[in-house]
Amino acid sequence: MAHQTQAKTFEVERIRKDFPILNREVNGYPLVYFDNAATSQTPQQVIDAIADYYSNYNANIHRGVHSLSQEATDKYEQARIKIQQHFNAGKAHEIIFTSGTTHGINLVASGFSGFLKEGDEVIVSAMEHHSNIVPWQMLCERTGAKLKVIPMDQKGELIYAEFEKLLSAKARLVFVNHVSNALGTVNPIKDIIQKSHAVGAAVLVDGAQAAPHIKADVQDLDVDFYVVSAHKMCGPTGVGILYGKEEWLEKLPPYQGGGEMIATVSFEGTTYAGLPHKFEAGTPNICGGIAFGAALDYMNGLGFDEIAAYEHELLEYATRKLKEIEGMKIYGEAAEKTAVISFNIEGLHPYDIGTLLDKMGIAVRTGHHCAQPVMDFFKIPGTVRASFSFYNTFEEIGRFVEGVKKAKMMLQ
Ligand SMILES: *Cc1c(COP(=O)(O)O)cnc(C)c1O
C-alpha cells in the first residue's frame, strides 16, 4: 500500500515504544486508542519528568530560600519559556499557567465583566465546545451584552458571509475555536482575527483541539488570547496555559485572590503582583507545568509538520474505508480538518456502536462531545467519534473499520 512508504519515514513503530500504555490489552485485545481528542496518551519522557520532579526536587516555588525551592522555581520558569517559544509569544509573562482551557476561558470571561455594557455584542461560533459557550453566556447575563452566533453549513464550515454581517461597532469580543473537537474543522482564524480587529473587537481563540496538531504563532496571528490544555498534547491533566497580549493582561483584573498574586497586603488594601503572577494565585500545578514543557520538547522533537502530514494520511485512509460501509454518515467534511471522524450508521445508536467497539479493545468516544449545539444543528443526539494521533497506525484503523462492520452486523 502506498501510504506505508510515507508512513515509514515517520517511524511510527519506534514512536509507539515511547508510550507504555499502548502495550496493554483491553477486553483481551491489544488496545486501539482512538479517543485522542478527549485526552492524549503520555510518552515515557513526560512520565520521567513527572517522576523526576517528585523524586528529586519537589518543593513550593517562588518562596523558599532553600535549594530545592529554587530548583523547582527554575524548572517551572524554564517550562514557561519553552511554552512561550513554542507559541512564539513576545514575552514569557504573557504565558499564564492555568488548570486548562476551561480555566483560561473563564479567567478572560470573568475579567471582561467590567469592560462590557448593555447593547455590546459578543460573537461565538456555532461549533464551540461548551467551555467556550457557557462562560460567555454567563458574562452576557452579568453585563447585558448580547451573544451572537456565527452559523455553519452542512459540511461543518463556518459561513463566512454571515460572520461578516455580525461584525459591527457593537462587537466587542469574538470567541472561536481554532479546531472543532466535534468535527475536526480547522477555522480560518487569522482572517477572523483581522476582520474582528478592524471593527475593534478582541479575539479569544480556543486552541485546545488545534495545539496537538498545529503549531500556532500567536504574534503572526495577532490573537489577543489563545488557550490550550496540556493533556491533549502528551502532557498531564490539570494544567494548561492562557496566552494573552501584555496590554490585555495588564488591563484585566485578577481572577482569584490569594498567595503569590500580591505585591503587598494589609487590611486597608492590597496591591497586585505583576504579570504573570497577578493571575497565578495559590500554589500552582508545579509538576504539571514542568511536564507540559517536557511534552512540548517531545512533540517538537517529532516535528509538527511531520505529525500533521502523517495524521492527515491516517484521516484520509480511515475516511475512505469508513465510507465503504453502507449507511455511513460522516459529520464534518470541511476542506481543512484534523484527524477527527464523527459518524453515525443509519438506524444505529452511537452508544451501542461504541460499547461493542470497546469489547474489541477499541476506544472511541460517543455522545455530544461537549458540543450540543453542533448535534442540534445536524438533528442528532450524538455521534461516534474516532480521533487519531501520530502514534496510531494504519493497521489499527483496519481493525477499527472491521470492528465497526462487525458491530453493525450484530446490531442490525
Ligand atoms: C477539550 C476541549 C476543551 C476543554 O478543555 P479542558 O482541558 O477540559 O479544560 C475546550 N475546547 C475544546 C475545543 C476542546 O477540545
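Excluded from the calculations below are hydrogen atoms, water molecules and symmetry mates; all remaining heavy atoms, backbone and side chain alike, are included. One-based numbering along the sequence shown. Keep in mind that what you see is a predicted model, and the values were worked out from it rather than measured. Order of listing sets the numbers, starting from 1, for every ligand and every atom in it.
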Main-chain N/O of Asp358 paired to Asn27 side chain as donor or acceptor, under 3.5 Å:
yes
Please check this pair: side chain of Lys337 against backbone of Gly332, looking for a donor-acceptor N/O pair closer than 3.5 Å.
yes
Does ligand 1 have an atom that lies less than 4.0 angstrom from a heavy atom of His231?
yes
Ranking Thr102, Asp206, Val340 by closest non-hydrogen atom to atom 13 (C) of ligand 1, top hit is Asp206
Quick check on contacts: which atoms of ligand 1 are under 4.0 angstrom from a heavy atom of Ser229?
5 (O), 6 (P), 7 (O), 9 (O)
Starting from [atom], locate the nearest protein heavy atom and write down its residue, its atom name and how far away it is, to 0.1 Å.
| atom | answer |
| --- | --- |
| atom 1 (C) of ligand 1 | Lys232 NZ, 1.2 Å |
| atom 15 (O) of ligand 1 | Gln209 NE2, 2.5 Å |
| atom 10 (C) of ligand 1 | Ser131 OG, 3.2 Å |

Could you see which bit of Glu128 sits under 4.0 Å from ligand 1, with heavy atoms only: side chain, backbone, both or neither?
neither
Does a salt bridge link Glu396 with Arg399, judged by any charged N lying under 4.0 Å from a carboxylate O?
no
With a cut-off of under 6.0 Å to the ring centre and 45° to the axis, is Lys75 in cation-pi contact with Tyr57?
yes
Considering the options Val108, Thr102, Thr101, Leu107, which one meets the side-chain contact (heavy atoms from CB on, under 4.5 Å) requirement together with Ile105?
Thr101
